[in-house]
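These notes concern the structure reproduced below.
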Amino acid sequence: MRQLTPRQLKDYLPQADPPPLLLDVREPWEYEICRIDGSQLVPMGQIHTVAGSLDPDRELVAICHHGIRSLQVARYLERIGYAQVINLQGGIDAWAREVDPQMPVY
């Protein structure tokens, strides 16, 4: 698993071909407050129900509020065979503070 800071991820996304799946593992109420454009919401508690339908060969970026839940999800996905998993260090909170200061924080 790779760990990327918000700035590293921001720089990486335009270069990635194909683009990675941005998997937001927060709860729906959190996702409504703020999110990275193009991200897909799958709350952590539901990841096991969709893991089989995700492409295990596609690069995936796990995102949560502070990077803890996403790290757990990233580790789980690696254990079940996903080879290209990235965790967003500091989560959406760090993204808002370091990359997108207009994004709401909570």
Sequence neighbours excluded, the answer for side-chain hydrogen bond (donor to acceptor under 3.5 Å, both in side chains) partners of Asp24 is Arg26
Those residues at least two apart in sequence (or on a different chain) that pass side-chain hydrogen bond (donor to acceptor under 3.5 Å, both in side chains) with Gln8 are Thr5
Are the side chains of [X] and [Y] in touch, meaning some heavy atoms are under 4.5 Å apart?
{"X": "Pro6", "Y": "Leu88", "answer": "yes"}
{"X": "Leu4", "Y": "Asn87", "answer": "no"}
{"X": "Trp95", "Y": "Leu9", "answer": "yes"}
{"X": "Tyr31", "Y": "Ser39", "answer": "yes"}

Pairwise salt bridge (Lys or Arg N to Asp or Glu O under 4.0 Å) hits with a residue in [range], at least two apart:
{"range": "residues 70-92", "answer": "none"}
{"range": "residues 27-48", "answer": "Glu30-Arg69"}
{"range": "residues 6-16", "answer": "none"}

With sequence neighbours left out, the residues meeting salt bridge (charged side-chain N to carboxylate O under 4.0 Å, His left out) with Arg97 are Asp93
For Arg2, the salt bridge (charged side-chain N to carboxylate O under 4.0 Å, His left out) test, sequence neighbours excluded, returns Glu59
With a 4.5 Å cut-off on side-chain heavy-atom distances among I, L, V, M, F, W and Y, is there a chain of contacts connecting [X] to [Y]?
{"X": "Ile36", "Y": "Leu54", "value": "no"}
{"X": "Leu60", "Y": "Met44", "value": "yes"}
{"X": "Leu21", "Y": "Ile80", "value": "yes"}
{"X": "Ile86", "Y": "Ile92", "value": "yes"}
{"X": "Val50", "Y": "Leu77", "value": "yes"}

Set out, in order, the CA-CA distance, both residues' side-chain angles and the distance that settles side chain to side chain contact (heavy atoms under 4.5 Å, CB included) for Tyr12 and Val61, then state yes or no. CA-CA 11 Å; Tyr12 176 68; Val61 179; 5.9 Å; no
So the ring pair (Phe, Tyr, Trp, His ring centres under 6.0 Å) pairs with at least one residue in residues 32-83 (sequence neighbours excluded) are His65-Tyr106
Members sharing Leu71's hydrophobic cluster, built from side-chain contacts under 4.5 Å between Ile, Leu, Val, Met, Phe, Trp and Tyr, are Met1
By side chain to side chain contact (heavy atoms under 4.5 Å, CB included), Pro14 pairs with (sequence neighbours left out) none
Sorted by chain and residue number, the side chain to side chain contact (heavy atoms under 4.5 Å, CB included) partners of Pro28 (sequence neighbours excluded) come out as Leu41, Pro43
Report task. Report the C-alpha distance between Leu22 and Leu13 in whole Å, list the side-chain angles of each, state the deciding distance to 0.1 Å, and finish with yes or no for side chain to side chain contact (heavy atoms under 4.5 Å, CB included). Result -> CA-CA 10 Å; Leu22 301 177; Leu13 288 175; 4.1 Å; yes
